[in-house]
Engineer: 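Would you mind keeping the following structure in view while I ask a few things?
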Amino acid sequence: MDLSLRDLGERAGVSAPMLSQVERGETSPTLAIASRIASGLELSLSQLLRLDEAEGVTVVRSDERRNGGSRARGHDYELLTPAMPGQRAEVSTHVLAPGAATGGPDDPPMHEAGSRETAVVTAGRLRLV
């Protein structure tokens with residue numbers, strides 16, 4: 001949702017330091033706090049806790065995909081999965097120019113820390129670190 005901790009804190013009625021501690025796994029919120037966080041993210045508590053994993057198929061048409069990266073730095077990407085809070089998997093395609101890299105100091109994180117990544121190289125060579 002592109003919210004800072006301060007923005008979410010204001011929306012949820014939870015302090016930014018508390019949100020930071022929850023985000024880093026340093027503390028577990030009470031159900032009341034978790035419910036406020038969910039509300040601030042426009043989710044139900046079940047969605048936040050991923051208790052209501054839905055069945056079904058979601059179609060994302062090419063004109064609905066989200067793009068990113070920096071062509072000037074030789075990295076383009078497209079998110080193929082829909083923007084759904086609390087989703088457990090995200091699929092994206094990345095195109096890198098020869099010699100380009102990702103994960104620079106000013107690049108935002110692509111996913112939560114500790115996430116499992118799978119890379120499929122369809123053309124060329126890739127050095128994965």
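All figures in this text were calculated on a predicted structure; none of them were measured in a lab.
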Engineer: Only pairs at least two apart or in different chains count here, so list each side chain to side chain donor-acceptor pair (under 3.5 Å) that has a residue in residues 7-18.
Structural biologist: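 For residues 7-18, and leaving out neighbouring residues, the side chain to side chain donor-acceptor pair (under 3.5 Å) pairs sorted by first residue read Ser4-Asp7, Arg11-Glu42.
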Engineer: Which of these passes side-chain contact (heavy atoms from CB on, under 4.5 Å) with Ile37: Leu43, Leu19, Leu45?
Structural biologist: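 In the set Leu43, Leu19, Leu45, the residue that makes a side-chain contact (heavy atoms from CB on, under 4.5 Å) with Ile37 is Leu19.
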Engineer: Residues in salt bridge (charged side-chain N to carboxylate O under 4.0 Å, His left out) with Glu64, at least two apart?
Structural biologist: none
Engineer: How is the hydrophobic cluster of Leu96 composed, in terms of its other members, when Ile, Leu, Val, Met, Phe, Trp and Tyr link through side-chain heavy atoms under 4.5 Å apart, directly or indirectly?
Structural biologist: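 So far as hydrophobic clustering goes, Leu96 is joined with none.
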Engineer: Minimum heavy-atom separation for Thr81 to Arg66, with atom names?
Structural biologist: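 In terms of heavy atoms, the two residues are closest at O-NH2, 3.0 Å.
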Engineer: Which pairs would a plain distance check flag for residues 121-129, meaning a side-chain donor or acceptor within less than 3.5 Å of a matching protein atom at least two apart in sequence or in another chain?
Structural biologist:
none

Engineer: Closest approach of Arg36 and Gly13, non-hydrogen atoms and distance?
Structural biologist: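 Answer, listing the atom of Arg36 first, then Gly13: NH1-O, 2.8 Å.
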Engineer: Using every non-hydrogen atom in the two residues, find where Ala101 and His75 come nearest and quote the distance to one decimal.
Structural biologist: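 Of all heavy-atom pairs spanning Ala101 and His75, the closest is O-CB, 4.4 Å.
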Engineer: Should side-chain heavy atoms under 4.5 Å link Ile, Leu, Val, Met, Phe, Trp and Tyr, which residues sit in the same cluster as Val60?
Structural biologist: none
Engineer: Do Leu8 and Leu41 pass the side-chain contact (heavy atoms from CB on, under 4.5 Å) test, and can you show the C-alpha distance, the side-chain angles, and the key distance before you say yes or no?
Structural biologist: CA-CA 7 Å; Leu8 177 57; Leu41 293 170; 3.8 Å; yes
Engineer: Of all heavy-atom pairs between Ala100 and Arg73, which one has the smallest distance, and what is that distance?
Structural biologist: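 Taking Ala100 first and Arg73 second, the nearest heavy atoms are CB-O, 3.6 Å.
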Engineer: Which pairs, with at least one residue in residues 26-35 and sequence neighbours excluded, count as a side chain to side chain donor-acceptor pair (under 3.5 Å)?
Structural biologist: Arg24-Glu26
Engineer: For atom CG of Asp2, is the number of surrounding heavy atoms from other residues, nucleotides or ligands below 6.0 Å larger than 12?
Structural biologist: no
